[in-house]
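Here the structure comes first, spelled out in structure tokens, and everything after it is commentary.
So you know, we letter chains A, B, ... as the sequences are listed, proteins then strands, and number each from 1. As the structure is a prediction and not an experimental result, all values here were calculated from the model.
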Protein chains: 4
Amino acid sequence: MARPRSEDKRSAILTAATRVIVTQGLSAPTAVIARDAGVANGSLFTYFETKADLFNQLYLELKAGMASASLEGLRPGAELRTQVSHVWTNWMAWAVSNPEKRRALTQLGVSDEITPATRAAGHKTMTAIGDLLERSRANGPLRGAPMGFVVAIMNSLAEATMDFMVQDPANADKHCKAGFDALWRVLT
Amino acid sequence: MARPRSEDKRSAILTAATRVIVTQGLSAPTAVIARDAGVANGSLFTYFETKADLFNQLYLELKAGMASASLEGLRPGAELRTQVSHVWTNWMAWAVSNPEKRRALTQLGVSDEITPATRAAGHKTMTAIGDLLERSRANGPLRGAPMGFVVAIMNSLAEATMDFMVQDPANADKHCKAGFDALWRVLT
Amino acid sequence: MARPRSEDKRSAILTAATRVIVTQGLSAPTAVIARDAGVANGSLFTYFETKADLFNQLYLELKAGMASASLEGLRPGAELRTQVSHVWTNWMAWAVSNPEKRRALTQLGVSDEITPATRAAGHKTMTAIGDLLERSRANGPLRGAPMGFVVAIMNSLAEATMDFMVQDPANADKHCKAGFDALWRVLT
Amino acid sequence: MARPRSEDKRSAILTAATRVIVTQGLSAPTAVIARDAGVANGSLFTYFETKADLFNQLYLELKAGMASASLEGLRPGAELRTQVSHVWTNWMAWAVSNPEKRRALTQLGVSDEITPATRAAGHKTMTAIGDLLERSRANGPLRGAPMGFVVAIMNSLAEATMDFMVQDPANADKHCKAGFDALWRVLT
DNA sequence: CATGAATGAGCGTTCATTCAT
DNA sequence: GATGAATGAACGCTCATTCAT
């Protein structure tokens, strides 16, 4: 229904959905999400046409948040390795300080409710990061590989690193660096 | 001793579940799985106590199948790099020729129906591979990292590689090799 | 405040449950009760959390209705025998004009779905009658017996009397009186 | 199927049914009864065509056992009151020493699975007791009442008495006597 | 006959979505 | 728009009964 009234309510629902997805999974009833958001059952459907719609929007929102957090403070003039390292560190920091968002995003990522269109839009939010990657691998061993492959590898390494930073917070910095080193070794 | 429980039927159900999970996700009705397996609705519960039980057993079966496929033909005497490469190639081949199994396994892997115990048992089937990894990274940059981190990285690279081999079958071999190279570079 | 929960609907369900229990027993599907009440399948669960909850509430409602019918028009100043006779007659009249309620109540009474708490609450609705009994037996042969025993005997006699009044309506009054006489003889 | 082979097995099933009905109610699965009896699932249906058939036969068996226990040692020549008292005492003793049988019988008695024919046959086993009753009430206040009414009253008093003997075993004898006195006062 | 796997109708309950207020 | 009751399809699981062994 075009523009729903309260932006507050919309984001309350998205926040609640994040929380609830983490604790109950994607099969959590919309009623629970609504209650957690402090709105009525049916109001959820004023803001999101269907449950799947809610999930798609949430996916995008989380992905975009993650991307913008990663890019924060980036200086385009700096050396490439420095820039990539900066992004990587931001990214890991985001994951560590937003564990719920990350977990929800992971769950949503594997759901078949998320449409290809949404996934594509999600990728777009990470274009800037992709560019850094592209330049980083330009002369490395992956120079011939499809870009998607390189991105996938980076994502995979990132996931593994995040898991260990969360799991073993005492050594978070060490894991962060180890993850970056592995990435850099793969790329260059 | 009456009609014995039929191993055929059990595996028909597991196979059906694999197929159905790929097309309908984990929320697929047990009735659909049963029909696909050619057994009655209720018979599924003769072989698996609950839907979750079915999923857990399927997870293990798939994981074990994947592991044993990866280890096939391995010569313990060979050079380390050769052995790892052999396993890697087997693994990728399994993924390419069993895309349904792989996708089902991925879905099951993120489900919260799969118990920690099942996951632990799943890990055990991959011990031999873990040992190779351990030896491979022994003098490499990850020598100080927790083993779980190394495993996670390998899994991540494997996932990314599989995706691209399936997505772009014409260059499957190239992707396979690129994946392995990336792994080896990270480890050594 | 949206559509409010309708007391009408709630009692339609209770009435339907009474009817259906009489014809189909306690194993009657909730779906049948709902249909009989003219509401949707799922609406029953808006008013009663579970089938057992419905049964417990119905039990209480019937018991309370029976008690209050029995006490109607009672004059506390009257002679004891008159009062007991009055209650007895009311009680029998209730049974005769509400055969379905009585049969449902009987069925519910023997069900193990009815919780001790519900039974206790049911007893409370009959306190006034118990008091009359207490005073009636005070100097009679049962003066030493536990009160519960006396109550049980009264209930038993009442049940037997009701059965015969329903079974042989032509002589209902005679049976009613015979039942009362038996009771009075036991008590005094 | 005509005459099943093992009488042992048949009665094992009946005994198991009694036990199981007490603990799980009439909705207990036949499979549970079979397991408790130590026979296979399907064998139960060799001995009893349906679950309802099993229940009907069990009802009769229990009722007959109760009746014959009540009549044991009865001396037809003795004084009427003595005879009735003797039967009553036997009856109560049976109830106290066979609480499971009694409870199962109670449950079966209110079930609508028990056919009128079965109930009629059950009554027949108690004819001798009925005769005693008939003679006892011949000159009493219930002389004009239908015999069924008298029987019902006796049953009711018996039930109430049994309940209290079981509930308060220390005073079982006292309750037994009180019950009999009440009965005798009603009859004569 | 004994066994226990096979069958499939049936049930209580849930929940996304709609709609009366 | 907000609310929450109403709806009914859908699901996991049970269980009396049948039947292959």
Side-chain angles (χ1 to χ4, degrees), chain A residues 1-6 9 27-35 38-55 113, chain B residues 1-6 9-10 27-35 37-54, chain C residues 1-6 9-10 27-35 37-54, chain D residues 1-6 9 27-35 38-55 113:
Chain A
M1 296 244 160
R3 283 295 130 118
R5 207 156 64 197
S6 149
K9 228 163 253 186
S27 61
T30 53
V32 170
I33 297 174
R35 186 183 327 127
V39 305
N41 202 332
S43 295
L44 189 150
F45 294 91
T46 308
Y47 292 87
F48 305 93
E49 288 199 24
T50 63
K51 191 186 187 182
D53 181 35
L54 163 61
F55 280 0
E113 305 269 36
Chain B
M1 208 195 273
R3 199 176 336 188
R5 238 180 250 198
S6 138
K9 219 157 267 182
R10 196 188 101 99
S27 63
T30 54
V32 171
I33 297 174
R35 188 182 325 126
V39 304
N41 211 320
S43 294
L44 190 149
F45 296 94
T46 308
Y47 291 87
F48 304 94
E49 288 199 19
T50 61
K51 191 187 188 183
D53 180 36
L54 164 60
Chain C
M1 205 195 272
R3 200 176 335 187
R5 239 180 250 199
S6 138
K9 220 157 269 183
R10 196 188 101 99
S27 62
T30 53
V32 170
I33 297 174
R35 187 181 327 127
V39 303
N41 209 323
S43 294
L44 189 150
F45 295 92
T46 307
Y47 290 87
F48 304 94
E49 289 199 19
T50 61
K51 191 187 188 185
D53 180 36
L54 164 60
Chain D
M1 298 250 156
R3 281 296 131 118
R5 205 154 68 193
S6 149
K9 227 162 252 186
S27 61
T30 53
V32 171
I33 297 174
R35 186 183 328 128
V39 304
N41 203 329
S43 294
L44 188 150
F45 294 91
T46 308
Y47 292 87
F48 304 94
E49 288 199 23
T50 63
K51 190 186 189 183
D53 180 35
L54 163 60
F55 281 179
E113 305 268 36

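- The CD1 atom of C:Ile33 sits 11.0 Å away from the CZ atom of C:Arg35 when rounded to the nearest 0.5 Å.
- Note that CG of C:Leu54 and CZ of C:Arg10 are 9.0 Å apart. Values are rounded to the nearest 0.5 Å.
- Relative to the side chain of C:Ala40, the nucleotides E:dT7, F:dC11, F:dT7 differ in distance, and F:dT7 lies closest.
- Note on C:Ala28: only backbone sugar-phosphate atoms sit closer than 4.0 angstrom, heavy atoms only; bases stay farther off.
- For C:Phe48 and F:dA6, the CZ to C1' distance is 15 Å, given to the nearest whole Å.
- Atom CZ in C:Arg35 sits roughly 15 Å away from atom C1' in E:dG12 (whole-Å rounding).
- Using a 4.0 Å cut-off, no side-chain N or O of D:Thr46 falls inside it from OP1 or OP2 of E:dC1.
- An OP1 or OP2 oxygen of E:dA2 is reached within less than 4.0 angstrom by a side-chain nitrogen or oxygen of D:Lys9.
- Among residue pairs with one or both ends in residues 37-54 of chain C, those qualifying as side-chain hydrogen bond (donor to acceptor under 3.5 Å, both in side chains) are C:Asp53-C:Gln57; sequence neighbours excluded.
- When the C1' atom of F:dG8 is taken as reference, atom CG of C:Leu44 falls 13 Å away, rounded to whole Å.
- In terms of position on DNA chain F, the residue among A:Ser43 and B:Ser27 whose nearest nucleotide sits closer to the 5' end is A:Ser43.
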Short heteroatom pairs, N/O only, protein and nucleotides 17-19 of chain E, under 3.5 Å:
unit_1 : atom_1 : unit_2  : atom_2 : d
E:dT17 : OP2    : A:Lys51 : N      : 2.9

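- Taking atom CG of residue A:Asp53 and atom C1' of nucleotide E:dA16, one finds them 13 Å apart after rounding to whole Å.
- Regarding contacts with the backbone of F:dA5, every side-chain N or O of C:Tyr47 stays at 4.0 angstrom or more from both OP1 and OP2.
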| message | As a check on the pairing definition, encode DNA chain E in dot-bracket form, counting Watson-Crick and G-U wobble pairs whose two distances are under 3.5 Å, and using | for partners outside this strand. | response | .||||||||||||||||||||
